[in-house]
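Everything below concerns the one structure shown next.
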Amino acid sequence: MTSLFDDLPLPGFESPSLGSSPAHDEPPLDEEPPYEEAIPDGLFETDLAAQDERDAYYRNGHARPVIDPEQLLAGMNDPQREAVLHHGSPLLIVAGAGSGKTRVLTHRIAYLLAARGAQPGEILAITFTNKAAGEMRERVEQLVGPRARAMWVSTFHSACVRILRRESKLLGFTSSFSIYDSADSQRLMSLVCRDLDLDPKQFPPKSFTAKVSNLKNELIDEETYADRAANPMEKKLAEAYTLYQRRLREANALDFDDIIMTTVNLLQAFPDVAEHYRRRFRHILVDEYQDTNHAQYTLVRELSGGALSDAPKLTADGDFVNPTAARLAQISPAELCVVGDADQSIYAFRGATIRNILQFEEDYPDATTILLEQNYRSTQTILTAANAVIERNTNRRKKNLWTAGDQGERVVGYVADDEHGEAQFIADEIDRLTDEDEARPGDVAIFYRTNAQSRVFEEVFIRVGLPYKVVGGVRFYERKEVRDILAYLRVLSNPEDTVPLRRILNVPKRGIGERAEAMVDALAARERISFAQALQRVDEAYGMAARSANAVKKFNAMMAGLRQVVESGAGPAAVLEAVLEESGYLAELQASTDPQDETRIENLQELASVALEYEQDPGERPEGEDAEGAPPVGSLADFLERVALVADSDQIPDDEEGQGVITMMTLHTAKGLEFPVVFLTGMEDGIFPHMRALNQVKELEEERRLAYVGLTRARQRLYLTRSVLRSAWGQPAYNPASRFLEEIPDTLVDWKRTGAAAVPPARGFSPSSSGGSRSYGSSGGSARSTTTTPQPGWAKSARKVTEREVVALAVGDRVSHDSFGLGTVVATQGVGDKAQATIDFGTTGRKQLLLRYAPVEKL
DNA sequence: CCCAATTCTCTTTTT
DNA sequence: GAGAATTGGG
């Protein structure tokens, strides 16, 4: 079957048209499809139905398959060719940015099928996002035809879900288990902490959630952790972890991290299951290997076998521990091919470990490494800039990207007075590029470090009328109203699932307050029944007001009615409609006068149309054993599973016909993509690199890799912008230039504007409003406006600061303090009489000072 | 006992 | 500036 989400159109996007392979990585492959006569027998079934299917397939615009192995190698450089041909030992492809790794991967798969007799069912290809999986499948399909559909090309998470659904009985849950996303996990952990009477100040549920996630990524289960917990904090965490897991189990649910960890446990605990998958998957390919965490690493190892540490387990007598283990040891390892680039590892914060790639050779002693350094994407100028930045990282395998192409234009730099000026410059520049036919909106991408930075761009772009799309941020599926309605569907699909049940209990308001809920909870605990069952027995709840009990009964009746709708065989769209009506949710929104509720209704309509499109085209039925345990195609459960694992990057607009839209996203989301024109914004110390990374070498290096990823996304034009003044969570702050800017050789950058006009306001901020933020040096772009020049936020407060002059400080300034002595400014915050500075006084330590009162002097 | 207004706290990045 | 926790009003 296709990867889980291939056919699910995402809100706000045209359905991707099949066959329009986004231009990526490489010069286009052979335009001319091979001859049909050349297709050997067996590539397609020969009966008539299959013939019809094949004809329809080609009429739909698919290229004819390439079956000539020689053609698969045409136009490749030597290392690429070697990577496609290699066989016999584990293969590590170190693929620099833009070096054609997707092409190598897809052609390798095609080659396995065409020339090495591999069956599609023997292939497992793993990527990190559904979009990447979909693209890979599509491109392989273009090469080898529809037989590619029997391959598993999917994300770690969907592949594991598939395995788990099939084997769920072994693990004691049903195949219809729910998947908790991070918001669900968060909520569940909050409930757990409350049950354990933990002081949220001392033991914040949020950090517990993060810690549990880390433990799972390290494959440490709750029992193991409980045994080793030493200090009070760890003991509490162990308690919470244990209860959290129990609650998940009771709800027949798994969280994101469980999906991987449980699959690993399954393979390790049941050798016959491991044997099954090892016999099945003879070729395992992993993309973005540098982003695998320990759990994912182990998963690959268990699936493929053959790692050094994977020696068969023997008893003291030298016998295999059991017959299955003996058989397992005899299965030759799968051919493992991993592709990655340590320089692009940007997910260490969630447990990815570079170790996996750096030590691949140690784990697999007979491994071969192939290095791809030739870049087919960017100009040499861009590559030189990127190389210069990444070279600052230590402990890194040397790698030098180069291109046979042009030098290209210089990188453009711009320093704005504030973030509005930055956005305005970018808008003007895009205007110019499109007017002069240098680029279409769809060619342009804007990257930033944090999602919050997108807002200003949106404001300006709306005003000047530039078409854009923000990828990520408050995601569609994380909007409150969408989650509320999905929670109804989840309860209908899995009645014991407590987290969504409690979410909807009083949404919309129906008179079941906190107290009533707590009483139901108490009843559940007393009777040792689930929350759902306790709801059905409200009458037994102690101390429940009659009014509340009635409200609960009304709720029960409403849910029973909805359940009937489900049992009558209605599809997800129809059920969703019934929920909107019967719950009163839609009515409440319609009655509201809050203009925000109108967008909420639109979002729900969007959700309804997603459901409808799913219902009309629910995708293909998995074949044979792949279907085992999976929810029936078209069912509510299947629909929910598809929406549960959607990622930001799955929503990136495909390069459609026409002008396209400007794409805005975080640097993390940008990985794996490329655009002719790229704006890297917010190049300021404290923004990028992020404040929290400034003081730690390791984190700073990860930020630098992130910068490297950003720089190497650009094909032809690269812009680097920063702003002198920027409002961050309420208060304005001055940030110095990003250190990454200084790491790029001067000669490569053409500064269109430097910070000259933007010296931080002089001492005391004498508020001549033209001082700090003048109108932008816009050069007659059609769409510009001075009205949005922010009335300097500090002007008002600055007026009060007349009695005493506030020292204007910037990061790096040396100061002297009357009692603390000499120090260095490490951060500044706020402006006017609220201006603060964090100052490092060496042995005295670090102090945060309100400058209005602090006796400091700038040196 | 429930709800609405008010006051706080956050924000890196994500499957 | 938004979302959650908290407090006072009904």
Side-chain angles (χ1 to χ4, degrees), chain A residues 4-5 126-133 154-161 179-183 185-187 190 194 200-201 204-207 210 213 216-217 254-261 288 291-293 295-296 345-352 447-456 471-475 477-480 506 508-519 543-549 551 596 644-651 665-671 682 686-694 699 702-703 705-707 709-710 727-731 793:
Chain A
L4 286 173
F5 313 103
I126 301 177
T127 63
F128 271 80
T129 68
N130 297 301
K131 185 177 167 69
S154 64
T155 62
F156 272 106
H157 290 265
S158 9
C160 287
V161 166
I179 298 166
Y180 276 20
D181 67 13
S182 24
S185 307
Q186 195 67 67
R187 207 181 166 89
S190 296
R194 205 181 305 163
K201 293 251 153 61
K206 231 177 176 171
S207 84
S213 171
K216 289 181 177 178
N217 287 338
L254 294 171
D255 69 19
F256 273 151
D257 306 305
D258 280 335
I259 289 174
I260 311 289
M261 179 170 81
E288 308 284 14
D291 287 333
T292 51
N293 59 36
Q296 291 162 333
S345 160
I346 54 176
Y347 286 110
F349 72 92
R350 70 163 195 231
F447 302 152
Y448 33 78
R449 180 63 178 80
T450 64
N451 279 308
Q453 289 167 251
S454 72
R455 186 181 220 94
V456 197
V471 181
V474 186
R475 282 170 264 174
Y477 289 106
E478 280 179 13
R479 304 233 159 92
K480 180 179 176 301
N506 200 30
K509 298 258 180 295
R510 47 171 74 92
I512 308 174
E514 202 183 329
R515 204 181 155 81
E517 186 187 333
M519 285 166 179
M544 175 82 80
R547 195 165 53 151
S548 305
Q596 276 206 321
L645 297 174
V646 193
D648 280 353
S649 43
D650 297 331
Q651 314 179 18
M665 66 184 97
T666 64
L667 285 154
H668 282 88
T669 312
K671 198 179 60 164
I687 301 292
F688 184 39
H690 192 269
M691 207 162 35
R692 283 170 61 160
L694 285 180
E699 301 215 6
E702 176 143 321
E703 298 281 312
R705 292 193 293 272
L706 194 53
V709 167
S727 294
W729 66 98
Q731 298 269 301

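Here is the naming used below: chain letters follow the sequence lines, and residue numbers restart at 1 for every chain.
- Side-chain nitrogen and oxygen atoms of Asn506(A) include at least one within less than 4.0 Å of the OP1 or OP2 phosphate oxygen of dC3(B).
- Within the 4.0 Å cut-off from OP1 or OP2 of dT15(B), not a single side-chain nitrogen or oxygen of Thr129(A) is found.
- At the phosphate of dT9(B), neither OP1 nor OP2 sits under 4.0 Å from any side-chain N or O atom of Lys206(A).
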Test side chain to side chain donor-acceptor pair (under 3.5 Å) on Ser213(A) and Asp257(A); report intermediate values, then the result. CA-CA 6 Å; Ser213(A) 171; Asp257(A) 306 305; 2.9 Å; yes
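- Between Ser548(A) and Ile346(A), the residue anchored nearer the 5' end of DNA chain B, judged by the nucleotide with its closest heavy atom, is Ser548(A).
- One can place CZ of Phe349(A) at 14 Å from P of dT11(B), the figure rounded to the nearest angstrom.
- Considering only side-chain N and O atoms, Thr669(A) lies under 4.0 angstrom from the phosphate OP1 or OP2 of dT14(B).
- The CD1 atom of Ile126(A) sits 13 Å away from the C1' atom of dT15(B) (whole-angstrom rounding).
- For Arg455(A) and Glu514(A), each mapped to the nucleotide of DNA chain C holding its nearest heavy atom, the one lying further toward the 5' end belongs to Arg455(A).
- OP1 or OP2 of dT13(B) has at least one side-chain nitrogen or oxygen of Asn451(A) nearer than 4.0 Å.
- Atoms OG and CG, from Ser548(A) and Asn506(A) in turn, are 9.5 Å apart once rounded to the nearest 0.5 Å.
- For His157(A), taking side-chain heavy atoms from C-beta onward, the closest of the listed nucleotides dC2(B), dA4(B), dT15(B) is dT15(B).
- By the 5.5 Å and 30° criteria, Tyr347(A) is not stacked with the base of dT14(B).
- Each of Ala693(A) and Asp257(A) has a nearest nucleotide on DNA chain B; the 5'-most of these lies closest to Ala693(A).
- Phe156(A) comes within 4.0 angstrom of no nucleic acid atom, judged by non-hydrogen atoms across all strands.
- Atom P of nucleotide dT14(B) and atom CG of Leu667(A) are separated by 10 Å, given to the nearest angstrom.
- The ring-ring contact (aromatic ring centres under 6.0 Å, His included) search around His668(A) returns Tyr347(A), Phe349(A), not counting sequence neighbours.
- If you measure from atom CZ of Phe256(A) to atom C1' of dT15(B), you get 5 Å, rounded to the nearest angstrom.
- Arg692(A) comes within 4.0 angstrom of a nucleotide base, judged by non-hydrogen atoms across all strands.
- Shown here are the side chain to side chain contact (heavy atoms under 4.5 Å, CB included) partners of Ala183(A), two or more places apart in sequence or in another chain: Asp181(A), Arg483(A).
- When atom types are taken as modelled, the side chain of Arg705(A) and the backbone of Ser345(A) share a donor-acceptor pair closer than 3.5 angstrom.
- Within 4.0 Å of Met519(A), counting heavy atoms only, lie sugar-phosphate atoms of the nucleic acid but no base atom.
- Counting to the nearest Å, the C1' atom of dT14(B) and the CD1 atom of Ile179(A) are 16 Å from each other.
- If you take CZ of Arg547(A) and C1' of dC2(B), they are 7 Å apart, rounded to a whole angstrom.
- At a threshold of 4.0 angstrom between heavy atoms, the contacts of Glu699(A) include nucleobase atoms, whether or not backbone atoms are also involved.
- OP1 or OP2 of dT14(B) sits under 4.0 Å from a side-chain N or O of Thr666(A).
- Per the geometry, CZ belonging to Phe128(A) stands 8 Å off C1' belonging to dT15(B), to the nearest Å.
- Atoms NZ (Lys480(A)) and C1' (dG3(C)) sit 11 Å apart, rounded to a whole Å.
- Of the candidate nucleotides dT15(B), dT13(B), dC1(B), dT13(B) has the atom lying nearest to any side-chain atom of Thr450(A).
- Side chain to side chain, Ser182(A) and Ser185(A) fail the donor-acceptor criterion of an N or O pair below 3.5 Å.
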